[in-house]
Chemist: 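The structure that follows is given in the form of structure tokens.
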Amino acid sequence: MKFKLLRTNSIAFAATIALVSLRGWADGDVSGVTARTSPDWLRRGTIYEIFPRDFSVDGNLGGVTAKLDELQSLGVNILWTMPVHPIGEKFRKGDYGSPYSIKDYYAVDANYGTVNDYKQLVSEAHKRGMKVIMDLVADHTAWDSVMMQHPEFYKHDGQGKIISPVPEWTDVAALNYESPALRRYMIGMLKYWIQTCDVDGFRCDAAAMMPTDFWEQVRAELAGDKPDIMMLAEASKPELLANAFDIDYSWPLLSTMDDIFIHNAPASNIWRSWEDSRAQFPKAALHMRISDDHDETRAVTRYGLNGALAASALMFTLDGVPLIYNGMEAGDTNQSSGGALFDKRDILWQANEHPQLRSTYHDLIQLRHQYPALCNARVDWLHNSDEANLVTFLRADDKDELLVVINFSGRPLSGRVDLKNVDGFVPVEISGTRSSPGSLLPMIQLGQYEWRIYHRSSKVFPVAGIAPDQN
């Protein structure tokens, strides 16, 4: 599909990464290879992104550790901590500075605590059955980084001056991965965090802006320290999922969602976007399904409350791994894009504008725990009578079938889903969701942005004409 480079309400950071990712698509066709096998805990997981500065009033690692029981009860099992390192002061943006402008990869920002505090966070998370991945910012450093004593680590212009990765990123300096010494330094640093704090993986910032062979080198080196290490690429570049990364961002689908909610594009574009990605990426490639993160204005602001829940229903029932950005479960409306990265904007855990959404997200997570069919690579798209507004698909394995129907329009609709055998399907109860007067399948009657999930046993009611499990 054609990727919309400047997504509505996205900051220049995400747009630039998208541009680099798109250019990478032409590097080589990897659609015929099979993606690397990802850890089972990732494929079955839900990722929860934490901005420690905003997550608690204290704004430190202790504030995160103190809420691990709440996160465990929510059901998430993979915690992604945004960068915890000291932030550069030279050319700093905002009062606090971007956590992606790093002075020392081997240290923890004093406002957050110490390396031991991070080690305790990981340890306590492990006790609760949760994994922890660090945010790795390998493309650039702060201008006052300790690494500046090695100018050969950096990119230079024609006059020999160190440069930013792109002109707009004035608070950071670009690293040069043509330097073997830099590669050794970065790999040694990653091993330090595995060996010191027992981290389970890395979310790799701006991954498409560095050579793919560097990431393949990282994967090979780290596998010796932790065989099931998980690597998440902030990119949408197919070749990265062949050998280096376990999962990437589903940016094309996010862009499609913005087009539908903001620009009234047809809901059928969701299926087309999914098909386009399937055709370009390695077989069984895994994508992180997102509607919110630190680079986006909150989905409840972009799409409205009901629209945001409809988007989440898609992200949690489609193939891939869903992401919750801290505060989504509270209906937080505090802006998470633009200048929010450079200052402190506490999460509105008791948001006045919107009701608590925690029970809804809890039940969606539990649905993934209960039904492995939601975690495989198989998606059977179903035709319906109103494809401009209605999305219908089936997730299935040899035990269960889940039928998902979502109204992506701001008006009520009635329609019909093309499913030969509808016997045995029962609506799944999801806390906090609306329920319009029922209608018997294959007929569908939904309010604006309403969605439903139905379940039945595959063994009792097999569906004719559906392909075997592709996972």
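Atom set for the values below is all heavy atoms of this structure, side chains included, hydrogens, waters and symmetry mates excluded.
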Chemist: Enter the distance from Met231:CE to Phe245:CZ here, rounded to the nearest 0.5 Å.
Modeler: 4.0 Å
Chemist: Glu296 versus Arg302: any side-chain heavy-atom pair under 4.5 Å?
Modeler: yes
Chemist: Looking at Met315, is its backbone amide N or carbonyl O close enough to the side chain of Arg289 to form a donor-acceptor pair, meaning the two atoms are under 3.5 Å apart?
Modeler: no
Chemist: For Asp109, is there an ion pair with Arg53 - N to carboxylate O distance below 4.0 angstrom?
Modeler: no
Chemist: Strictly below 4.0 Å, N to O, side chains only: are Arg128 and Asp69 in salt-bridge contact?
Modeler: yes
Chemist: So, the side chain of Ser458 versus the backbone of Asp397: is there a donor-acceptor pair under 3.5 Å, distance only?
Modeler: yes
Chemist: Is there side-chain contact between Leu61 and Gln120, with at least one heavy-atom pair below 4.5 Å?
Modeler: no
Chemist: Is the closest basic N to carboxylate O distance between Asp246 and Arg36 below 4.0 Å?
Modeler: yes
Chemist: Flag the pair Arg395 / Asp319 as yes when at least one side-chain heavy-atom distance between them is below 4.5 Å, and no otherwise.
Modeler: yes
Chemist: Any non-hydrogen side-chain atom of Arg203 less than 4.5 Å from a side-chain atom of Ile47?
Modeler: no
Chemist: Do any N or O atoms from the side chain of Asp200 and from the backbone of Val132 form a donor-acceptor pair under 3.5 angstrom?
Modeler: yes
Chemist: Should the pair Glu275-Arg278 be classified as a salt bridge under the 4.0 Å nitrogen-to-oxygen rule?
Modeler: no
Chemist: Does Asp332 come within less than 4.0 Å of Arg298, counting only side-chain N to carboxylate O?
Modeler: yes
Chemist: Calculate, to the nearest 0.5 Å, the distance between atoms CG and OG1 belonging to Leu364 and Thr360 respectively.
Modeler: 7.0 Å
Chemist: For a 4.5 angstrom cut-off between non-hydrogen side-chain atoms, does Asp54 reach Asn334?
Modeler: no
Chemist: For Ile87 and Phe342, run side-chain contact (heavy atoms from CB on, under 4.5 Å): C-alpha distance rounded to whole Å, both residues' side-chain angles, the deciding distance at 0.1 Å, then the answer.
Modeler: CA-CA 10 Å; Ile87 295 172; Phe342 313 120; over 6 Å; no
Chemist: Does this structure show an ion pair linking Asp171 with Arg92, if we count only N-O contacts that are shorter than 4.0 Å?
Modeler: no
Chemist: Please test Phe281 against Ser236 for side-chain contact (heavy atoms from CB on, under 4.5 Å), starting from the C-alpha separation and ending with a verdict.
Modeler: CA-CA 9 Å; Phe281 278 82; Ser236 183; 3.7 Å; yes
Chemist: Are any of the side-chain heavy atoms of Thr46 and Pro322 separated by less than 4.5 Å?
Modeler: yes
Chemist: Quick one: do Asp400 and Gln370 satisfy side-chain contact (heavy atoms from CB on, under 4.5 Å)? Show the steps, please.
Modeler: CA-CA 10 Å; Asp400 301 286; Gln370 184 176 358; over 6 Å; no
Chemist: Can you label the angle between the Tyr449 ring and the Phe261 ring as parallel, tilted or perpendicular, going by 30° and 60°?
Modeler: tilted
Chemist: For residues Tyr249 and Leu232, determine if any side-chain heavy atom of one lies less than 4.5 Å from a side-chain heavy atom of the other.
Modeler: yes
Chemist: Could you tell me if the side chain of Asp276 sits less than 4.5 Å from the side chain of Pro252, heavy atoms only?
Modeler: no
Chemist: Met257 and side chain to side chain contact (heavy atoms under 4.5 Å, CB included): which single residue from Ile270, Ile290, Ile262 fits?
Modeler: Ile270
Chemist: Examine the side chains of Thr256 and Asn269 and answer whether a donor and an acceptor come within less than 3.5 Å of each other.
Modeler: no
Chemist: Please identify which of these residues, Ile324, Val321, Ile430, Leu374, meets the side chain to side chain contact (heavy atoms under 4.5 Å, CB included) condition with Phe316.
Modeler: Ile324
Chemist: Just checking Lys283: does its NZ atom have more than 12 heavy atoms from other residues, nucleotides or ligands closer to it than 6.0 angstrom?
Modeler: no
